[in-house]
Amino acid sequence: MKPRTVDKIATSVIVFFALFIVAILVGLLGYILFRGLSHVSWDFLTSAPQKIRAGGGVGPQLFNSIFLLVLTLIITVPLGLGAGIFMAEYARPGKLTGFIRLIVEVLSSFPSIVVGLFGLLLIVNYFNLGFSLISGALALTVFNLPLMVRITEQAFRSVPNQQKEAGFALGLSKWKIVTSVLLPVALPTIITGTILSAGRVFGEAAALMFTAGMSSPRLDFTNWNPLSPSSPLNPFRPAETLAVHIWKINSEGLAPDAAQIAAGASAVLVLTVLIFNLAARYFGRLIYRKLTASKSMD
Amino acid sequence: MKPKKARIEKHHIEDFIGRTYMSFCVALLIIIIVSMVYFVASKGISTFIGGDVTVSDFLFGTKWSPEGDTPSFGAFPFIAGSFLVTLLAALIASPLSLCAALFMTEIVPGWGKKLLQPVIELLAGIPSVVYGFIGLSVIVPFLRNTLPGQGIGVAAGALVLAVMILPTITSVAADALASLPQNLKESSFALGATRWQTISRVIIPTTFPAIMTGIVLGMARAFGEALAVQMVIGNAPFIPRSLFESASTLTSVITLGMGNTTMGSAHNNALWSMALVLMLMTFVFVFLVRLLERRNKI
């Protein structure tokens, strides 16, 4: 065969498979949203699930997912910032830095179910926190922290060196440079990365099954005392999240409309991830414009 | 005149607090990984201490009946299942991902990247339970209707995993292709090579270690994925004789068994041994990635 013909064939194969991947995504999203959204209503999003009867909602699960995400971010973001800034600005190349880098890499490649099992052993049983929101949030911290460290480190590294040097020339202390010069420039990247990682946390299930639990107690949404066991805000109650709920009704759901509920909940989950994705882009740009004098990114 | 004396200024305190905080964050990372390895390993080897189960019984035994009169804990069917779905998923996903990466960087670098980048990001963002749900409601019925068998099984698991690891492989491969020095390609074109000749004889051989890195990272993700696989693979504790037969993976057995066994029982300990195998495989994958990265530098 002539090289030119081979080239044409190869090019069309590559284009075909690339477009095939686009088709997979369009098909996936279309299927989830088309099948799921018809089942999503205000009632579905706010009412409690039913065990055997049809018509149950995912209200508590949705609330649990959001609350757990907030708790996780409150713990992860400061810790990730600290370790990430250390890796980017303070760590000197050497054995210790190499070791920390290896730890971050290993930690981020652990399967989420192993993280969940570790949480079950240490947080749920050893620290005796039981199946609770706080156990789930701590397990998700282990799951999310390496990503946060990486995001922070990359964001700080991408700040032009001249900015730092200008700070030193003004006689600022290193910490002052980090907080007042580098952080504002790095912040948009950090926020974009954090929102994207939040989408990952929101959909995580394997790490939560054995830490936050697979049941949700009857919640009283008028009771906002965080210490009361029926209060939604109590961090020591078991909390089934939306993703865990999808898994549970698919494997042991008894309600006659289990498939529709799973489809509806999947649609809500995917829509949330979509919103996180769009928000990440939007906020990144917005904050960059606010904190710097330039009009657009890069 | 002010007395010339070394005073502790405000910024000294700030600097000190900042450094202490960062050291704390990094120390926490180290504590997390050490305790994780320690707890999972100590629980995982309890099967082999004092019991009648030897390591080779566990790794190569083919009979799994933990609750029988003479319980046997042969985990080989699950280890084989994990490797089988992982390899199959990588076989399906790698060519597709490579095509997508080539499409983004070589065929139409302009709008190809604009089109596929968000597609890849969204595919990476879809939660694993949603993949499991789609596998259960689209792929399984499709396989049931077109091919022999019940639909659930190794093939369904591999297909779901293949879609899940597509983004990982594609983004790593695309980064590698984009960072290739332009003059390599230009000299190939100058010699009169067609685009396909350039791709197959210059670009892919040069970036091969980096592409392999992407594939290994994807395999690591597939190996550790729990819920999506568990939902579609059928969970029979046997070595499958065909791709359309029900099987189990390490993760699926842990997912199903951990909630139904009591802590400390022989059955439960065997599940922890599987978690230990998962953890050790993570180390192997990280080691492989490091090895490939070293080759990539030369």
Side-chain angles (χ1 to χ4, degrees), chain A residues 3-4 6-7 10-11 13-15 17-18 20-22 24-25 28 31-32 79 82-83 85-86 90 100 103-107 109-114 117-118 121-122 125 142 145 173-176 178 199-200 203-206 209-210 243 246-247 250-251 259 262 266 269-270 273-274 277, chain B residues 11 14-15 18 21-22 24-26 28-30 32-33 35-36 39-40 43 95-96 99-100 102-103 107 112 115-116 119 121-123 125-130 132-134 136-138 163 166 194-197 220 224-227 231 251 254-255 258-259 263 275 278-279 282-283 285-286:
Chain A
R4 202 167 288 272
V6 180
D7 183 56
T11 306
V13 168
I14 292 172
V15 171
F17 279 125
F20 180 63
I21 292 177
V22 179
I24 290 178
L25 178 83
L28 278 176
Y31 178 80
I32 298 167
L79 291 175
I85 292 173
F86 178 83
Y90 286 80
I100 298 169
I103 284 182
V104 173
E105 199 177 329
V106 170
L107 213 50
S109 25
F110 271 140
S112 53
I113 182 126
V114 172
L117 291 176
F118 168 68
L121 209 52
L122 186 74
N125 289 340
V142 175
L145 190 56
S173 74
K174 183 138 192 192
W175 183 247
K176 195 76 190 162
V178 166
R200 217 166 74 106
E204 180 51 41
M209 293 167 62
F210 306 121
I246 294 174
W247 180 79
N250 260 309
S251 51
S266 297
L269 212 53
V270 168
V273 173
L274 272 176
N277 259 290
Chain B
H11 68 259
E14 277 178 4
D15 229 36
Y21 174 69
M22 282 185 305
F24 163 75
C25 294
V26 173
L28 194 72
L29 273 177
I30 300 175
I32 288 175
I33 192 107
S35 56
M36 216 164 154
F39 275 98
V40 174
K43 202 87 172 102
L96 282 175
C99 286
L102 287 170
F103 184 78
I107 311 280
L115 173 73
L116 274 177
V119 167
E121 274 168 24
L122 283 176
L123 276 178
I126 294 178
S128 61
V129 276
V130 175
F133 169 68
I134 292 171
L136 205 57
S137 46
V138 180
V163 182
L166 265 178
T194 63
R195 183 161 58 196
W196 172 244
Q197 282 169 331
E225 176 50 48
L227 302 185
M231 284 160 95
T251 49
I254 296 173
T255 311
M258 198 51 86
M263 271 280 181
L278 279 178
M279 190 177 241
T282 309
F283 295 144
F285 283 125
V286 170

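Using a 4.5 Å cut-off between heavy atoms, B:Y21 contacts chain A through its side chain alone, with no backbone atom that close. Contact of A:V15 with chain B is made through backbone and side chain together, with heavy-atom distances under 4.5 Å. Contact annotation for A:L79: both backbone and side-chain heavy atoms come within less than 4.5 Å of a heavy atom of chain B. The contact between B:L136 and chain A is made entirely by side chain atoms (from C-beta outward), counting heavy-atom distances below 4.5 Å. Within the 4.5 angstrom heavy-atom criterion, atoms from both the backbone and the side chain of B:A275 approach chain A. Residue B:L96 touches chain A through both its backbone and its side chain, counting heavy-atom pairs closer than 4.5 Å. Contact of A:L117 with chain B is made through backbone and side chain together, with heavy-atom distances under 4.5 Å. Both the backbone and the side chain of B:L123 come within contact range of chain A, each with at least one heavy atom under 4.5 Å from a heavy atom of that chain. Interface residue B:F283: only side-chain heavy atoms are found under 4.5 Å from chain A. Both the backbone and the side chain of A:I21 come within less than 4.5 Å of a heavy atom of chain B. Residue A:L145 touches chain B through its side chain alone, counting heavy-atom pairs closer than 4.5 Å. Only the side chain of A:Y31 comes within less than 4.5 Å of a heavy atom in chain B; its backbone stays farther off. With a threshold of 4.5 angstrom between heavy atoms, A:V104 approaches chain B through side-chain atoms but not through N, CA, C or O.
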Checklist entry - Could you go step by step and tell me if B:M231 and A:W247 meet the side-chain contact (heavy atoms from CB on, under 4.5 Å) rule? => result CA-CA 8 Å; B:M231 284 160 95; A:W247 180 79; 3.8 Å; yes
Next on the checklist: Using the rule given for side-chain contact (heavy atoms from CB on, under 4.5 Å), can you reason through A:V114 versus B:T282, listing the C-alpha separation, both sets of side-chain angles and the distance that settles it, and then say yes or no?
Outcome noted: CA-CA 10 Å; A:V114 172; B:T282 309; 5.8 Å; no
Checklist entry - Does the pair A:V6 and B:T194 meet the rule for a side-chain contact (heavy atoms from CB on, under 4.5 Å), with working shown? => result CA-CA 9 Å; A:V6 180; B:T194 63; over 6 Å; no
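Here B:I32 contributes atom CD1 and A:I103 contributes atom CD1; the two are 9.5 Å apart, rounded to the nearest 0.5 Å. The CZ atom of B:F133 sits 8.0 Å away from the CD1 atom of A:I32 when rounded to the nearest 0.5 Å. Atom CZ of A:F20 is separated from atom CG of B:L166 by 9.0 Å, given to the nearest 0.5 angstrom. Put simply, NZ on A:K174 and CD on B:E14 are 15.5 Å apart, with the number rounded to the nearest 0.5 Å. Note that CD of A:E105 and CD1 of B:I33 are 10.5 Å apart. Values are rounded to the nearest 0.5 Å. The distance from atom CG of A:L121 to atom OG of B:S35, rounded to the nearest 0.5 Å, is 10.0 Å.
Your options are B:Q197, B:R195, B:K43, and the one with the most heavy-atom pairs under 4.5 Å with chain A is B:R195. When each of B:A220, B:S137, B:G259, B:A226 is scored by its heavy-atom pairs under 4.5 Å with chain A, the top score falls to B:S137. Contact count against chain A (heavy-atom pairs under 4.5 Å) is highest for B:I107 among B:T251, B:V40, B:I107. Between chain A and the options B:G125, B:A100, B:G18, heavy-atom pairs under 4.5 Å are most frequent for B:G18. In terms of heavy-atom pairs under 4.5 Å with chain A, the best-connected choice from B:I126, B:L28, B:L29 is B:L29.
Taking the side chain as every heavy atom from C-beta outward, B:V129 and A:L269 approach each other to under 4.5 Å. You'll find the side chain of A:L28 stays beyond 4.5 Å of the side chain of B:V138, heavy atoms only. Taking the side chain as every heavy atom from C-beta outward, A:L122 and B:M36 never approach each other to under 4.5 Å.
The side chain to side chain contact (heavy atoms under 4.5 Å, CB included) check on A:L274 picks up A:L271, B:L122, with sequence neighbours excluded.
Nearest heavy atom pair, residue B:M22 against residue A:G82, reads CG-O, 3.3 Å.
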